[in-house]
Engineer: 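The structure is given below, and queries will be raised subsequently.
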Protein chains: 2
Amino acid sequence: MVNKEEFRKKIIITAGQIFSRFGFRKTTMDEIAKALKMGKSSIYYYFQSKEDIFEAVVLYEANVLRNELTTAIKSVESPVGKMEKYVFVRMKAFEKLSNYYNAIFDKNLDHFDFIEKIREKYDREEIAILRLLLYDGVRKKVFTVANSEYTALAIQTTLKGLEVPLFWKKKEVNIDQRLHAILDVLFKGILIK
Amino acid sequence: MVNKEEFRKKIIITAGQIFSRFGFRKTTMDEIAKALKMGKSSIYYYFQSKEDIFEAVVLYEANVLRNELTTAIKSVESPVGKMEKYVFVRMKAFEKLSNYYNAIFDKNLDHFDFIEKIREKYDREEIAILRLLLYDGVRKKVFTVANSEYTALAIQTTLKGLEVPLFWKKKEVNIDQRLHAILDVLFKGILIK
DNA sequence: AAATTCTTCGAATGAACCGGTCGATAATTC
DNA sequence: GAATTATCGACCGGTTCATTCGAAGAATTT
């Protein structure tokens with residue numbers, strides 16, 4: 001191995017794939033080890049515990065999401081496009097992540113308070129981004145917003161509302177459809193006539 | 001409950017959803033019971049064992065697939081359309097079913113020989129359908145096939161080849177793309193010039 | 001309404017599983 | 001060839017899980 005840190009990352013990515021598929025509980029150390037073609041005990045050379053791996057995965061995944069989101073909004077010019085892109089990428093990511101959450105709501109997972117921390121931090125970042133998108137739209141005379149802070153908060157609340165069914169049942173999700181509808185409403189209520 | 005058989009079916013459908021998501025091994029009786037809003041022990045009034053439920057689910061699912069396939073090919077007129085539709089529906093179904101298989105390849109699942117039986121029966125049926133589709137195409141002067149039996153077998157082999165990556169890794173599957181390519185090749189090699 | 005049958009369930013059980021430890025032993029570095 | 005780094009098999013104790021069993025709640029029959 002080139003480097004211990006390198007290999008930790010490999011573990012994080014591999015474990016992340018399994019976690020995201022089966023959740024924390026249903027994923028076993030043996031599976032992770034097998035996927036890495038190594039003995040179960042070897043993993044403990046790199047991580048203290050299963051929970052530690054999980055934490056690292058969530059941290060890593062949060063970073064990936066952050067990057068995806070920032071590149072996503074950079075890839076489009078128009079305020080409407082940026083907002084659309086942001087919302088889509090965000091929801092797509094949460095769809096993928098829903099299994100992590102399912103795992104967490106699973107049982108007595110009180111000791112995962114770091115998730116709460118991440119979520120809070122991420123929420124603040126999201127508000128900031130949304131406010132920026134709104135502000136940019138206003139500057140370009142495409143949006144009309146009384147108070148960007150409050151509007152950003154409102155949008156975030158809506159997005160969180162969309163998350164719920166994802167974590168509720170894996171059944172058919174008409175998310176796309178509802179997403180379009182919501183964006184439509186959002187813009188029609190926001191755009192300068 | 002209206003009827004014991006009715007309720008067995010309900011169990012099969014509910015259990016099927018969970019099995020298809022987590023596989024045989026990772027699905028617990030408690031989960032099935034909870035999804036049915038009943039005590040775990042109650043399930044044993046309807047089924048002898050977890051394996052029995054699994055068998056019933058696979059049987060049921062095989063039937064569903066059969067129906068989907070026959071209605072699919074009936075929904076289109078042209079031989080090319082029939083063949084396309086058949087192949088698409090079949091691959092879509094196998095994509096969904098891949099988790100079942102993952103479950104089976106999991107461990108020492110030797111006692112699931114009924115799967116082998118079903119597969120054999122299904123393979124024979126598939127050959128029959130494919131041969132019919134080919135024969136129909138020939139009759140309508142759209143296909144030109146030397147020996148419909150052999151050609152049907154060749155097509156089936158190709159389809160099975162497509163299954164492999166599904167059961168290999170859950171990773172991004174560019175199945176759709178490859179499917180199109182294969183159908184293209186198939187028709188170009190088969191169609192009357 | 002008593003008896004009988006159908007259905008549900010909580011508690012118990014024994015076996016398998018699983019996260020984590022430990023000491024041995026390769027593999028690599030110095 | 002000693003020291004350090006990395007891997008692993010075997011094991012442990014607690015947990016989980018499929019399954020059993022007997023009790024008892026509903027429903028039906030007598």
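If you're wondering where the values come from, they're calculated on a predicted model, not measured in any experiment. All chains are named by letter (A, B, ...) in the order of the sequence lines, taking the proteins before the strands, and each is independently numbered beginning at 1.
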Engineer: Expressed as a whole number of angstroms, how long is the span from A:Ile11:CD1 to D:dA6:C1'?
Structural biologist: 11 Å
Engineer: Round to a whole Å and report the spacing from OH of B:Tyr46 to P of C:dC6.
Structural biologist: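 To the nearest whole Å, that distance equals 12 Å.
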Engineer: Should the pair B:Arg8 and B:Phe47 be classed as cation-pi, given the thresholds of under 6.0 Å to the six-membered ring centre and 45° from the axis?
Structural biologist: yes
Engineer: Aromatic rings A:Phe187 and A:Phe143: how do their planes relate, parallel, tilted or perpendicular, breaks at 30° and 60°?
Structural biologist: parallel
Engineer: Can you tell me how far C1' of D:dC17 sits from CD1 of B:Ile53, to the nearest Å?
Structural biologist: 13 Å
Engineer: Decide whether a cation-pi geometry holds between A:Arg25 and A:Phe22; the criteria are a distance under 6.0 Å from NZ or CZ to the six-membered ring centre and an angle within 45° of the ring axis.
Structural biologist: no
Engineer: For the pair made of CD in B:Glu5 and P in C:dT7, what is the distance, rounded to whole Å?
Structural biologist: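 Taking atom P of C:dT7 as the reference, CD of B:Glu5 is at 11 Å.
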Engineer: What does the B/S/- profile of nucleotides 20-30 of chain C look like, 5' to 3', with a 4.0 Å heavy-atom cutoff to protein?
Structural biologist: BBB--------
Engineer: Could you tell me how the ring of B:Tyr46 sits relative to the ring of B:Phe7: parallel (under 30°), tilted (30 to 60°) or perpendicular (over 60°)?
Structural biologist: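 Because their plane-to-plane angle lies in the 30° to 60° range, the rings of B:Tyr46 and B:Phe7 count as tilted.
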Engineer: Would you kindly give the CZ-to-C1' distance between B:Phe47 and D:dA18, to the nearest whole Å?
Structural biologist: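 Interatomic distance, CZ of B:Phe47 to C1' of D:dA18: 16 Å.
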Engineer: When B:Arg90 is tested against each of B:Glu84, B:Glu126, B:Glu68 for salt bridge (Lys or Arg N to Asp or Glu O under 4.0 Å), which residue passes?
Structural biologist: B:Glu126
Engineer: Quick test of your reading: applying ring pair (Phe, Tyr, Trp, His ring centres under 6.0 Å), list the pairs with at least one residue in residues 70-91 of chain A, sequence neighbours left out, ordered by first then second residue.
Structural biologist: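 For residues 70-91 of chain A, and leaving out neighbouring residues, the ring pair (Phe, Tyr, Trp, His ring centres under 6.0 Å) pairs sorted by first residue read A:Phe88-A:His180.
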Engineer: Using only side-chain N and O atoms of A:Ser42, determine if any of them is under 4.0 Å from OP1 or OP2 of D:dC8.
Structural biologist: yes
Engineer: Is there a donor-acceptor pair under 3.5 Å between the side chain of A:Lys82 and the backbone N or O of A:Ile73?
Structural biologist: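 Flag set: sc A:Lys82 to bb A:Ile73 pair under 3.5 Å.
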Engineer: Would you say B:Arg25 places a side-chain N or O within less than 4.0 Å of OP1 or OP2 belonging to C:dA16?
Structural biologist: no
Engineer: I need the CG-C1' distance between B:Asp52 and D:dT19, as an integer number of Å.
Structural biologist: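 B:Asp52 atom CG is separated from D:dT19 atom C1' by 12 Å.
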Engineer: In whole angstrom, what separates A:Lys37's NZ from D:dC8's C1'?
Structural biologist: 17 Å
Engineer: Atom CG of A:Asp30 to atom P of D:dT7: distance rounded to whole Å?
Structural biologist: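 Spelled out: CG on A:Asp30 to P on D:dT7 is 16 Å.
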Engineer: If you compare every side-chain N and O of A:Tyr45 against the phosphate oxygens of D:dA6 (OP1, OP2), does one of them come in below 4.0 Å?
Structural biologist: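 Yes, such a contact exists.
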